[in-house]
Amino acid sequence: MKYRIAFFLWVIGCFSFAQEIELEPNILSSTIAIDNDDTKDSVRIKASHVGPTENQYRALKDEFIAFVHFGPNTFTQKEWGTGMEDPSIFELKNLDTDQWCEAMKSAGMKKVILTVKHHDGFVLWQSRYTNHGIMSTGFQEGKGDILKDLSESCRKFGLKLGVYLSPADLYQIENPEGLYGNLSERTERTIPREVKNRPFENKRTFNFKVDDYNEYFLNQLFELLTEYGPIHEVWFDGAHPKTKGGQTYDYLAWKELIRTLAPKAVIFGRQDIRWCGNESGRTRKVEWNVIPYEEDPNKMNRFSDITGEEVASLEKIYQANYLHYQPAETNTSIREGWFYRNDDEQGVRSADDVFDIYERSVGGNSIFLLNIPPTREGVFGDRDVQALKEVGERIASTYGENFLENSRGPIEVLDQNDSNYVLMEKGEDELIFEWDEPVKINRIMLQEAIRTHGERASGIEVSFWNNKGWQLVSKGPNIGYKRILRFGEVITSKIKIRITEARLFPVALAKVGAYYSENHPPQLEIERNLSGDVKIGAKLEDFGWKTYEQDIAGDLNKDLIFRYTLDGSDPIETSTVYEKPFPLQFGVVKAAAFTKGEKGPVLVKEFGVIKKEWKLLEVSSQMEGNEAEMAFDSNNKTYWKSSGLGVGQFISFDLAQEQEIVGFTYTPPLKDSEGMIEEGEIFVSKNGKDWELVSSFQFGNLINDPTLRKFQFPAPVKARYIKLKATRIAGNKKFASIAEIGISKQP
Ligand code: FUL
């Protein structure tokens, strides 16, 4: 029953006022309308009374879930199909959905969403309503059903199941009898449409006034939601490679069907769950899940993507007509691409990277949806399986032990019951936890009681007791479902959590945890730019698809320090700390990463003379986009490539001044094995005209190991001009190429 409550609001400045609004205390609504006479303060109060539905809450609690993109694209190695693919290209011979589930379970995932139909329109289940799918392939003589196998494996492994059913449908657009945009009338239709000899066990029927494509879509939804066990998420993608005939979607009819047949399912891309706005796994710095709407989202038929950084700040919600609870799903792929292509060129994210995204997304008030695309053999690839396993181990080893459980602190936030909470009033906004023995921690996790009090905290601080006083270790912008704060390791016997600001007090804290994440010093990368400045950093993984910011040396491991030497000795605990790029004429840099008590591998890098003033003298030939200057631009990724046949090709350049040199280095292009110089000759000159052969050289195994090679001259020589001529190309390939050439001097 509703009753009136008075909220006494303290407004910035020194006056207060009271306002009465009708809200049910502690029974939240997932949508609240803003009225004409609402003020900024009453809007803030309303925003603090918007909370998740039971389904949304369960979806949030799943935290880490899987996406599986599988279909004709897996075989054509494309990201988007055309809809014109012959189903026989889907040459699946074996399928092991148990292996998928085992790998997902090992990562700690709770749900899996399969692309039962991607934009190409090919279906992975035995639909009664199309032949464009698994039924027209050789897989199990056309009798196979990937969703059925997956649903059985999910039951076996205790995973929830979801379906991605693409509204865009190229097969239905392109084929002459296709239903998409065929300009058919909206008439009364009964769902499911009967199909001879294919009765449904579920006898429910629905009547909707819809056109052909919407009927097709509803019929397929009916199959998916009644014949594969409980479905926990229905994923509607917003992308459309093509549209036709002004086709619209009767989402309100789809929704009625879903709510009836899958009462536990959340709907993605419509009002239940929203896209995070990118595909790279990035979570906004502040993610509020109370979203401003112009219209009532419960009645809307069309939803636009919510993108940009500021989507639900106070300024935005003050302008809303409706406030609606809608958590974000942070989505990305473990591979470079949503579909599997191959194992040699397609990169796989490291466990470090996935764990970083996990902590930011789950610990940033959102759900983490990670895609793992199966191979053409119907399994998850080895590298993917390994990364998932490592991530699971990392999550379990970090979050498996909550040090606060052995502390003295309020039981309401320490027990396993998320209905218990501590109310933190303004002015009484601190919680203190104490241990008998000091503990070592570098993560704090906080959760608000969003089901009863919504998301309110808008400023949090964590401090630890350093035996003299309180020392601040971390701040956060909000909490909501969950906030994970990461900081450098502290050893302490007391911590304090403070709510510094809130959209409304009291803030209800449901859970607090303190954890330790074991970090290992990473491998390093040392680079020098054209001007001679040396930069040392953690080696970024070679993942070239939609990365956001790989953060191995940042937030993920706040204790990381890089130390280096320039005298040839190995870096130790007291060596120079790397703080910013430093100039180096030439010489050897040795560096290693240190975290508390551990030293990473030592990286040694030798630099020749600075190339800033070098000039090209002559080149035998060059390809457009692979010009000769790229051979000495201090960038390994760009390279010179001849346009003429490799043997006999040469490049010569001016070092800007005469100097004594002792050798040279050759780096072949990393990703182009076309012109690796296996044998050649080096000449020097003092005037750029008369050349003297210094030596011939030879490098082996370049194609398999395309890394820097070093050549020492028989004796030091004085030179201003250098010429390198290729006399043999690795693998007898066509051209000659150089990613980087360096000139060495006597240290
Ligand atoms: C996008 C699609 O176009 C991609 O192929 C993929 O399915 C991704 C999850 O959503 O909109």
Side-chain angles (χ1 to χ4, degrees), residues 59 64-85 90 100 104 109 111-125 133 146-147 150 161-174 180 217 220 224 233-244 247 249 251 266-270 272-283 302-308 327-341 346 349 354 357 361 366-374 380 384 543-548:
F64 187 18
I65 60 176
F67 225 170
V68 173
H69 276 66
F70 196 35
N73 297 347
T74 314
F75 293 84
T76 57
Q77 308 194 34
K78 297 218 170 85
E79 280 293 301
W80 276 2
T82 61
M84 314 284 277
E85 293 86 3
F90 190 83
W100 304 2
M104 295 184 282
M109 294 165 145
K111 177 160 73 185
V112 48
I113 301 165
L114 174 68
T115 54
V116 293
K117 180 183 87 160
H118 200 249
H119 310 331
D120 52 30
F122 182 96
V123 301
L124 297 185
W125 81 99
I146 296 172
L147 186 61
L150 180 58
L161 182 63
V163 288
Y164 169 120
L165 188 69
S166 168
D169 190 322
L170 288 165
Y171 178 73
Q172 294 297 335
I173 287 183
E174 305 289 5
Y180 193 106
F217 204 82
Q220 293 202 323
L224 295 169
E233 183 155 346
V234 182
W235 222 88
F236 293 135
D237 196 277
H240 283 80
K242 251 190 192 178
T243 51
K244 184 179 158 192
Q247 180 68 54
Y249 304 135
Y251 165 64
V266 282
I267 306 177
F268 173 93
R270 301 297 191 269
D272 292 345
I273 310 272
R274 79 200 139 91
W275 182 45
C276 65
N278 69 85
E279 293 187 343
S280 54
R282 180 176 178 273
T283 306
R302 287 192 58 178
F303 285 74
S304 318
D305 285 335
I306 299 173
T307 54
E329 228 170 55
T330 301
N331 65 163
T332 195
S333 182
I334 200 165
R335 285 201 167 235
E336 293 171 347
W338 292 103
F339 287 88
Y340 175 88
R341 287 198 299 277
Q346 190 179 24
R349 286 186 196 274
V354 177
I357 300 174
S361 54
S366 83
I367 300 158
F368 181 19
L369 172 64
L370 178 71
N371 177 62
I372 314 104
F380 284 178
D384 315 46
F543 191 82
W545 183 82
K546 303 190 181 189
T547 46
Y548 57 106

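Start at 1 with the first residue, then count along the sequence. In each ligand, atom 1 is the first atom listed, and ligand 1 is the first ligand listed.
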Q: Indicate the ring-plane relationship of Phe75 and Phe70, choosing parallel, tilted or perpendicular according to the 30° and 60° boundaries.
A: tilted

Q) Using the ring of each side chain (for Trp, its six-membered ring), is Phe236 parallel, tilted or perpendicular to Tyr251, with breaks at 30° and 60°? A) perpendicular

Q: State, without any angle test, whether Ser280 and Asn278 hold a side-chain donor-acceptor pair at a distance under 3.5 Å.
A: yes

Proximal ligand 1 atoms for [X], defined as those under 4.0 Å from one of its heavy atoms:
X      : value
His119 : 2 (C), 3 (O)
His118 : 4 (C), 5 (O), 6 (C), 7 (O)
Glu279 : 1 (C), 8 (C), 10 (O), 11 (O)
Phe67  : 9 (C)
Ala239 : 3 (O), 11 (O)

Does ligand 1 come near enough to [X] that some N or O of the ligand is less than 3.5 Å from an N or O of the residue?
X      : result
His69  : yes
Tyr164 : yes
Asp237 : yes

Q: May I ask you to check whether Phe90 and His118 place their ring centres under 6.0 Å from each other?
A: no

(Q) How about NZ on Lys242, more than 12 heavy atoms from neighbouring residues, nucleotides or ligands closer than 6.0 Å, or not? (A) no

**Q.** Qualifying residue, where the test is side chain to side chain contact (heavy atoms under 4.5 Å, CB included) with Ile273 and the options are Val234, Leu369, Ile367, Ile267
**A.** Ile367

